[in-house]
K.L.:
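My questions will all concern the structure given below.
Order of appearance sets the numbers: ligands from 1, and atoms from 1 within every ligand.
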Amino acid sequence: MTIRAVVKGVGHYLPERMVPNSEFEAIVDTSDEWIRSRSGIERRHFAAEGQGTSDLATRAAKAALADAGLQPDDIDAIILATSTPDLTFPAAATMVQAALGMTRGFAFDVQAVCAGFVYALTNANALILSGQAKRVLVIGAETFSRLMNWNDRSTCVLFGDGAGALVLEATDSPGTSADRGILSTDLNSDGRYRDLLYVNGGVSTGTTGHLVMEGKEVFRHAIEKLAQTAHTALDKAGLTPEDVDWIVPHQANIRIIEGTAKRMQVPMDRVVVTVQDHGNTSAASIPLALSVGRDRGQIKQGDLLVTEAIGGGLAWGSVVIRW
Ligand code: UT7
């Protein structure tokens with residue numbers, strides 16, 4: 001017997017305000033056609049004035065707890081993947097803890113930009129396997145609209161705000177690849193690529209800063225590294241791409257999603273795609289896709305899922321989960 005971190009509930013939240021591509025035509029020299037054809041994005045959501053990442057995260061967390069049939073005090077730990085916390089500190093996760101009315105356990109943020117949810121899942125899995133937590137709320141939440149340079153057409157049209165959450169629970173299992181739960185993880189980073197994708201602000205500048213990206217270069221790394229990390233994670237679980245029911249990728253660009261699926265020889269009808277509706281929501285994109293994919297009836301209990309993501313750092317990774 002072995003312990004597995006099994007998904008007990010999932011939920012998401014998108015801010016009310018939906019912004020179609022056409023709105024950008026009035027701000028920068030762009031077109032709906034360019035944005036759709038180069039990225040696959042048709043619309044995204046932006047948080048309201050005064051609505052912080054912890055607020056989005058709390059709403060997604062409540063939905064996931066309700067889905068799991070659990071109360072906040074049933075949870076031992078909250079891990080929030082975000083690069084857009086409300087404040088430099090405390091961790092936005094502790095704000096979620098307070099907003100949920102959770103008076104026990106511990107909460108912390110994980111910052112690995114677009115790969116953040118894969119990093120958070122890996123940390124949650126480690127806490128569960130080592131016996132330090134029985135139930136972990138894992139959230140990805142972002143307000144990337146706060147980091148946009150509205151004069152930079154190459155980035156401001158790509159990102160959106162949102163949140164998704166999972167509840168993981170320690171479950172005794174036979175210890176085979178047929179088990180439900182997290183079956184394997186693979187994390188990577190290479191800090192030499194810092195300048196490809198970063199925010200030019202922080203405590204060193206005294207400003208929040210704006211997102212800066214060498215899109216073409218990040219694209220090149222994404223195509224190469226995502227299939228690689230997904231293969232490595234599947235390998236660790238003793239599985240192959242043929243076993244995969246759903247790739248649930250980071251939703252940055254439909255061309256990256258299609259390129260990765262092609263390299264893995266998984267047809268697109270086994271890929272959960274939400275980029276058209278959400279844009280790139282960084283660490284929120286995978287849990288949003290998991291929740292929407294479940295709601296659409298795509299992801300069902302027992303399905304084998306592989307998630308993969310890459311972002312600033314560069315940081316990238318993959319998690320294999322049987323739903
Ligand atoms: O989530 C974190 C990881 N991030 C990513 O995975 C993003 C990776 N990169 C990408 O998704 C793509 O590189 C982009 C969508 C950002 C850009 O697509 P691209 O096919 O690589 O376009 P490009 O950067 O090579 O730009 C092509 C042309 C350029 O014009 P010239 O130099 O050919 O005259 C750009 O100036 O498109 C121009 N352009 C635009 N035109 C209209 C750039 N942005 C826009 C725009 N509207 N919004």
K.L.:
Could you tell me which atoms of ligand 1, counted from 1 in the order shown, lie closer than 4.0 angstrom to a heavy atom of Ala252?
P.N.:
1 (O), 5 (C), 6 (O)
K.L.:
Could a heavy atom of Ile35 be found less than 4.0 Å from some atom of ligand 1?
P.N.:
no
K.L.:
Can you sort out which atoms of ligand 1 are near Asp29, meaning under 4.0 Å from one of its heavy atoms?
P.N.:
42 (C), 47 (N)
K.L.:
Would you say the side-chain atoms of Thr155 and Asp152 include a donor-acceptor pair closer than 3.5 Å?
P.N.:
yes
K.L.:
Once you round to the nearest 0.5 Å, how far does CD of Gln298 lie from CG of Asp295?
P.N.:
10.5 Å
K.L.:
In terms of residue, atom name and distance, what is the protein heavy atom nearest to atom 6 (O) of ligand 1?
P.N.:
Ile256 CD1, 3.3 Å
K.L.:
Which of the numbered atoms in ligand 1 are below 4.0 angstrom from a heavy atom of Cys114?
P.N.:
1 (O), 2 (C)
K.L.:
Would you mind telling me which of Thr53, Thr82, Thr281 makes a side chain to side chain donor-acceptor pair (under 3.5 Å) with Glu142?
P.N.:
Thr82
K.L.:
With atom 13 (O) of ligand 1 as the reference point, say which of Gly279, Gly215, Ser285 has the nearest heavy atom.
P.N.:
Gly215
K.L.:
Report yes or no: do Tyr119 and Val138 belong to one cluster of Ile/Leu/Val/Met/Phe/Trp/Tyr joined by side chain heavy-atom distances under 4.5 Å?
P.N.:
yes
K.L.:
Does any N/O atom on Arg153 come nearer than 3.5 Å to any N/O atom on ligand 1?
P.N.:
yes
K.L.:
Quiz question for you: does at least one protein heavy atom lie closer than 4.0 Å to atom 34 (O) of ligand 1?
P.N.:
no
K.L.:
In terms of residue, atom name and distance, what is the protein heavy atom nearest to atom 16 (C) of ligand 1?
P.N.:
Leu158 CD1, 3.6 Å
K.L.:
Calculate, to the nearest 0.5 Å, the distance between atoms CZ and OG1 belonging to Arg180 and Thr171 respectively.
P.N.:
7.5 Å
K.L.:
Please determine whether residues Val10 and Ile139 belong to a single hydrophobic cluster, defined as Ile, Leu, Val, Met, Phe, Trp and Tyr linked transitively by side-chain heavy-atom distances below 4.5 Å.
P.N.:
no
K.L.:
Only heavy atoms of Met213, strictly under 4.0 Å: list the atoms of ligand 1 that pass.
P.N.:
4 (N), 7 (C)
K.L.:
Nearest protein heavy atom to atom 26 (O) of ligand 1, by residue and atom, and its distance?
P.N.:
Trp34 CZ2, 4.3 Å
K.L.:
Checking contacts now, so for atom 24 (O) of ligand 1, which I'm interested in, is there any protein heavy atom under 4.0 Å?
P.N.:
no
K.L.:
Between Glu169 and Lys134, is there a salt bridge with N-O shorter than 4.0 Å?
P.N.:
no
K.L.:
Identify the closest protein heavy atom to atom 3 (C) of ligand 1: which residue and atom is it, and at what distance?
P.N.:
Val218 CG1, 3.6 Å
K.L.:
So which bit of Thr30 gets within less than 4.0 Å of ligand 1, heavy atoms only: side chain, backbone, both or neither?
P.N.:
both
K.L.:
What protein heavy atom is closest to atom 21 (O) of ligand 1, reported as residue, atom name and distance in Å?
P.N.:
Lys216 CG, 3.5 Å
K.L.:
Among protein heavy atoms, which lies nearest atom 1 (O) of ligand 1, and at what distance?
P.N.:
Asn280 ND2, 2.6 Å
K.L.:
When Ile299 is tested against each of Asp245, Val292, Val7, Leu305 for side-chain contact (heavy atoms from CB on, under 4.5 Å), which residue passes?
P.N.:
Leu305
K.L.:
Does the pair Trp246 and Asp303 meet the rule for a side chain to side chain donor-acceptor pair (under 3.5 Å), with working shown?
P.N.:
CA-CA 7 Å; Trp246 295 103; Asp303 282 356; 3.2 Å; yes
K.L.:
Which atoms from ligand 1 have a heavy atom of Arg255 less than 4.0 Å away?
P.N.:
18 (O), 19 (P), 20 (O)
K.L.:
Rounded to the nearest 0.5 Å, what separation is found between the CE atom of Met102 and the CG atom of Asp74?
P.N.:
10.0 Å
K.L.:
Does some non-hydrogen atom of Thr155 fall short of 4.0 Å from ligand 1?
P.N.:
no
K.L.:
Between the side chain of Asp243 and the main-chain N/O of Thr240, is any donor-acceptor distance below 3.5 Å?
P.N.:
yes
K.L.:
Judged by non-hydrogen atoms, does Leu197 sit under 4.0 Å from ligand 1?
P.N.:
yes
K.L.:
Take Arg294 and Asp67, measure what salt bridge (charged side-chain N to carboxylate O under 4.0 Å, His left out) needs, and give me the verdict at the end.
P.N.:
CA-CA 11 Å; Arg294 195 285 305 265; Asp67 189 50; 3.1 Å; yes
K.L.:
Take atom 29 (C) of ligand 1 and look for protein heavy atoms under 4.0 Å from it; say yes if you find one, no if not.
P.N.:
no
K.L.:
Select the closest option to atom 20 (O) of ligand 1 among Glu217, Glu33, Arg38, judged by heavy-atom distance.
P.N.:
Arg38
K.L.:
Are there protein heavy-atom neighbours of atom 11 (O) of ligand 1 below 4.0 Å?
P.N.:
yes
K.L.:
For the atom pair CD1 (Ile182) and CG (Leu129), what is the distance rounded to the nearest 0.5 Å?
P.N.:
8.0 Å
K.L.:
Is it the case that the ring center of Phe46 lies less than 6.0 angstrom away from the ring center of Trp150?
P.N.:
yes
K.L.:
At less than 4.0 angstrom from any non-hydrogen atom of Asn253, what atoms of ligand 1 do you find?
P.N.:
10 (C), 11 (O), 12 (C), 15 (C)
